[in-house]
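Everything numeric in this text was worked out from a predicted model, so none of it was measured. Note on naming: letters A, B, ... go to the chains in the order of the sequence lines (proteins, then strands), and numbering restarts at 1 for each one.
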There are 2 protein chains.
Amino acid sequence: SMTSLSIEILEQPTRYHRFRYEKEVSGGKLGGLLYGRSEKSCVRVRVSNIDPLMQKSVTVIGGTVSPDLYPHPFFMVGDDCRSGTFQLKKDTDSLGGKTEFEISLEKVSLVCVLLRPPDKLQEAVNRRLAINFNPFNKDLTSMSSMYTARNLKPLRLAFQIFVTDYNDVTAPTSAAVYSEEIYDYKQEPRLGLYDLHPSSSEVPGTHDIWFYFDAPLSHTDCSQFSVHLVEDHNEHDNEAFLEAELRVKMAKKHLIVAEKPDLTELWQSANERLKCQVVIADKKNNIKDSRSFIVENPRPVKLGVYADEVLDDDLLGFLYDTNHQPEAKRLRESDRVDPQTSHVVAQLQQPSQPQSQPPVAQASAYPALDAFNLAAHHQLPGASGGSN
Amino acid sequence: SMTSLSIEILEQPTRYHRFRYEKEVSGGKLGGLLYGRSEKSCVRVRVSNIDPLMQKSVTVIGGTVSPDLYPHPFFMVGDDCRSGTFQLKKDTDSLGGKTEFEISLEKVSLVCVLLRPPDKLQEAVNRRLAINFNPFNKDLTSMSSMYTARNLKPLRLAFQIFVTDYNDVTAPTSAAVYSEEIYDYKQEPRLGLYDLHPSSSEVPGTHDIWFYFDAPLSHTDCSQFSVHLVEDHNEHDNEAFLEAELRVKMAKKHLIVAEKPDLTELWQSANERLKCQVVIADKKNNIKDSRSFIVENPRPVKLGVYADEVLDDDLLGFLYDTNHQPEAKRLRESDRVDPQTSHVVAQLQQPSQPQSQPPVAQASAYPALDAFNLAAHHQLPGASGGSN
DNA sequence: AGCACGGGAATTCCCTTGAC
DNA sequence: GTCAAGGGAATTCCCGTGCT
C-alpha cells in the first residue's frame with residue numbers, strides 16, 4: 001500500500017516509576033509493574049498499515065533507551081519478555097483482514113541495574129549492547145562509557161517493528177517509536193503534609209504554626225515555601241474575603257514553622273468564626289497542600305477552650321490591643337489561591353523536567369541483523385520468561 | 001621474675017564508633033579515628049613484667065575480634081598499622097630499666113568492610129584469616145561462614161604480646177587482652193529534640209503540644225514515651241510543686257504529640273506564671289530531654305498575646321470552667337524527675353546492650369607462627385601505612 | 001495464600017562544616 | 001589551608017500491608 005508500516009504509542013508509560021532491582025523481581029515475583037498514564041492502565045502500542053501479502057508476521061520489540069535514544073541498560077521482565085525486551089509476534093493471517101493491531105504490556109516490569117560496585121553497571125551496559133536492540137541506529141562506539149549513576153534516569157521505552165516475509169526472512173524496519181521519559185518515583189514531587197498545629201486561632205495576635213510532613217521536604221529553603229490563610233470560598237459571594245500571607249520562619253526536613261500575622265485590620269466578616277484554609281506551597285516544585293483552619297473573632301470573646309461564658313461588649317473595648325503591625329495584606333481577587341478541600345494535594349503544573357528533544361528516528365539502512373538472534377543471547381539474570 | 005609478661009587496657013575504646021569505609025579513608029585521609037572513652041583521648045594499653053634478660057624486644061599487636069573473640073574482618077589503619085593491625089615493637093634496652101611501658105593508639109582508625117555484594121564480606125574474612133592474628137586461639141574451621149551483615153557489630157579490639165629473644169626468635173605469648181565492645185555509632189541512643197510548640201500555656205484547658213525531633217525516633221510506640229510537666233525546682237523549697245503527666249497521643253518519625261491536661265486542680269502557686277520544664281523520655285532507650293515551658297495562671301487574666309489589660313476578680317468567677325477531668329496527678333516528691341536545664345540531654349543509664357561474657361583468654365600452645373609474617377601478607381586494600 | 005506495593009531499614013558514599 | 005567529623009543523599013534491600 002502507499003502508506004508504510006508504522007507504530008505509535010496509544011498509552012504512554014507512567015511518568016514516575018519505581019524501578020525494582022533484580023533481587024526484588026526474582027522467584028516468580030514481579031513487582032514494579034509498568035503502568036500507563038491513567039490509573040492502573042498499561043502501556044499500549046498500535047501497529048498500522050500491515051501488508052499481509054508481503055508480511056507473514058510482524059514482531060514488535062520493545063526495550064529501554066536513554067532520553068537521546070541510545071540503548072539503555074535497564075531491562076524488562078514479565079509477560080512476553082525475553083532477553084530483557086518485550087517481544088510479541090503477530091501472524092498477519094490472524095488479523096482477520098485488518099491491517100493493524102494493538103498490543104498491551106499487561107504484566108511487564110522495568111528493572112534497574114546495580115550501580116555499586118561500578119563494574120556492575122559496566123556489565124549491564126555490555127549485556128545491553130549484546131542484545132543488539134538499537135532501534136534508532138545510534139553509534140555505539142562510546143556506549144560502554146556513556147552511562148553513570150547520574151544519567152540512568154530518566155529513560156524511555158522504544159518499540160520497533162520487525163517483519164518476516166513468506167520466505168521466513170526476518171528484517172528490522174525503520175518503524176520505531178519512543179515513549180515519553182520515565183522518571184524515578186522518588187523524583188515525583190509531593191508535599192506529604194500530615195497536619196498543622198494549632199489548627200485554629202484568633203483574629204488578633206501573632207503566633208507560630210507548625211506544619212509536620214511525613215515525607216521529607218525536598219529542600220529547606222524558606223523562601224521557596226509560601227503559606228497563605230484563605231477564607232473558605234462560598235460559591236455565592238464574589239465580594240471581599242480574608243486572605244493573609246504567613247511568614248515562613250523555618251524549614252526542616254519534616255517541619256515548617258510559619259507565623260500567623262495579626263488579622264485585625266483585615267477582618268471584615270460579621271461572623272464570630274471563619275472557616276479558612278491554610279495553603280502551603282512549595283514554589284520550587286509547584287505543589288501545594290492545605291488544611292482547614294478556624295479563625296475566631298473574640299466578639300463576643302471566648303477565652304480559649306475553658307471559657308463557656310461570654311463577655312459583654314463593654315468589656316471588649318479594653319481587651320483589645322490593636323497596636324500590632326499586620327504583616328498580612330489584602331490581595332487582589334485574581335491572586336487568590338483556591339482553597340483546597342482538606343487533605344487534597346494539587347499539582348499546580350508539571351515540574352519542569354529536562355525535556356531535550358531527541359532526534360527524529362531515521363530510516364537509514366539497518367545493520368544486518370536477524371531480529372530473533374535477540375533471543376539467542378544469554379538470558380539476562382532474573383529475566384525469567386513470561387507467560388508463553 | 002615470678003610474675004609473667006602481661007598486658008592490660010588502660011583506656012577502653014569509645015563505646016560507639018563510626019566505622020569508615022575503605023573508600024572514605026583512602027588518599028592520605030583518615031577519618032573515623034578511634035578514640036578512648038574520655039573525650040578525645042585515645043586507646044591506651046600497658047605491657048608489664050618485661051624481662052630484659054630474656055627479651056630483646058617486645059611487640060604489641062592489636063586487631064579486631066568478635067565479641068566472642070574470633071578474628072574479625074574489620075581492620076585498622078593509621079600510625080603504626082600494618083596489614084590491618086596495629087603493630088608496635090619496643091626494644092627492652094630502651095626501657096631504661098623499667099619493666100613496663102605504655103602505648104597510645106594516637107591516629108588509628110577502624111575501618112569496616114563492604115557487605116554488599118556478599119562476596120566482599122567473604123573476601124574480607126579470608127583476608128583476615130590470612131593475617132593469622134588469632135590471640136585467643138579460636139578454632140577457625142567455621143570462621144569463613146560465621147560472619148553475616150547482622151553480626152559484624154559490635155566487635156572488640158584485642159592486643160597480644162609477642163617476644164623476641166636474643167637469638168632473634170620471635171614467638172607469640174599468651175599475654176593477650178580484649179577491649180569492651182564497640183558498637184556502631186547509629187546505635188547510640190539519642191533524642192534529637194529540636195523544639196516544642198507551643199512553649200507556653202495556661203493553667204486551665206487542654207491542648208496538644210508538638211515535639212519536633214531533628215533525628216528520627218528509634219521507634220514510634222507511644223507507650224514507650226512519657227512526657228511530664230515539672231515545675232522548675234528552686235533549691236530552697238522542699239514543699240509541694242507542680243507535676244503533671246501529659247498523654248502521648250501520637251509518635252511519628254520526627255514528631256510526638258502530647259496533650260497538656262487541665263492543671264486547675266493541681267495549681268497551688270501564688271505566682272501568676274510558673275517556669276516549668278517539659279521532660280520527654282524514651283523509656284525504651286532510657287534517654288530523655290527537656291525544654292523550658294511557661295504556665296500562666298489567668299489571675300489576673302491575660303487574654304493570650306493581645307490583652308494588655310487585666311480583668312477584675314469579679315469577672316474571674318464565671319470565666320472558669322473547671323469541669324474538666326484532670327488527667328494529671330500529684331506525684332510524691334520521690335518520683336519527681338529533676339528538671340533539666342534547657343537543651344540538656346541526660347542519659348538515665350546505659351542501654352542494656354548484650355554483654356555476653358567471653359571466655360577467659362587461654363594460655364594454650366600457640367600455633368607455630370612468626371609474628372612478623374603478619375607483614376609478609378599482601379597489604380590490605382586501603383590499609384596504607386602510617387607514620388613510620 | 002499469593003503477590004505486588006509502599007514504607008522504610010540498612011548500607012554506602014559524598015560533601016559541607018568546623019576546628020585547627 | 002588541611003582534614004576529620006557529621007550530616008545526609010543515594011542506593012539497595014527487606015518486609016509488613018492490602019488486595020484479590
Closer than 4.0 Å, any side-chain N/O of [X] to the OP1 or OP2 of [N]?
X	N	value
B/Tyr21	C/dT12	yes
B/Tyr35	D/dA4	no
B/Lys23	C/dC13	yes

Give the nucleotide from the list [options] with an atom nearest to the side chain of [X].
X	options	value
B/Arg150	D/dA4, D/dT12, D/dC14	D/dC14
A/Lys186	C/dC5, D/dT11, D/dA5	D/dT11
A/Arg20	D/dC13, C/dA4, D/dC14	D/dC14

Charged tip of A/Lys252 within 45° of B/Tyr194 ring normal and under 6.0 Å: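 A/Lys252 over B/Tyr194 ring: yes.
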Using a 6.0 Å distance limit plus a 45 degree cone around the ring axis, check whether A/Lys40 lies over the aromatic ring of A/Tyr35.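 A/Lys40 over A/Tyr35 ring: yes.
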Distance in angstrom units between [X] [atom1] and [N] [atom2], rounded:
X	N	atom1	atom2	value
A/Asp184	D/dA9	CG	P	15 Å
B/Phe19	C/dC13	CZ	P	17 Å
A/Glu188	C/dG7	CD	P	11 Å
B/Lys107	C/dC20	NZ	P	12 Å
A/Tyr16	C/dG6	OH	P	16 Å
B/Glu24	D/dA10	CD	C1'	13 Å
A/Lys29	C/dG6	NZ	P	17 Å
A/Tyr183	D/dA10	OH	P	16 Å

Please compare B/Leu30 and A/Tyr185 by the position of their nearest nucleotide in DNA chain D and report the one closer to 5'.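 Per heavy-atom nearest nucleotide, the more 5' residue is B/Leu30.
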Between B/Arg116 and B/Lys253, who's closer to the 5' end of DNA chain C by nearest nucleotide?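 The residue closer to the strand's 5' end, by nearest nucleotide, is B/Lys253.
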Distance alone, cut at 3.5 Å: any donor-acceptor contact between the side chains of A/His219 and A/Asn285?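 Per modelled atom types, A/His219 and A/Asn285 side chains form no pair under 3.5 Å.
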For the ring pair B/Phe213 and A/His254, is the centre-to-centre distance below 6.0 Å?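 No, too far apart.
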Would you mind checking if A/Lys284 and A/Asp221 are paired as a salt bridge, meaning a charged N to carboxylate O distance below 4.0 Å?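 Salt bridge between A/Asp221 and A/Lys284, a charged N being under 4.0 Å from a carboxylate O: no.
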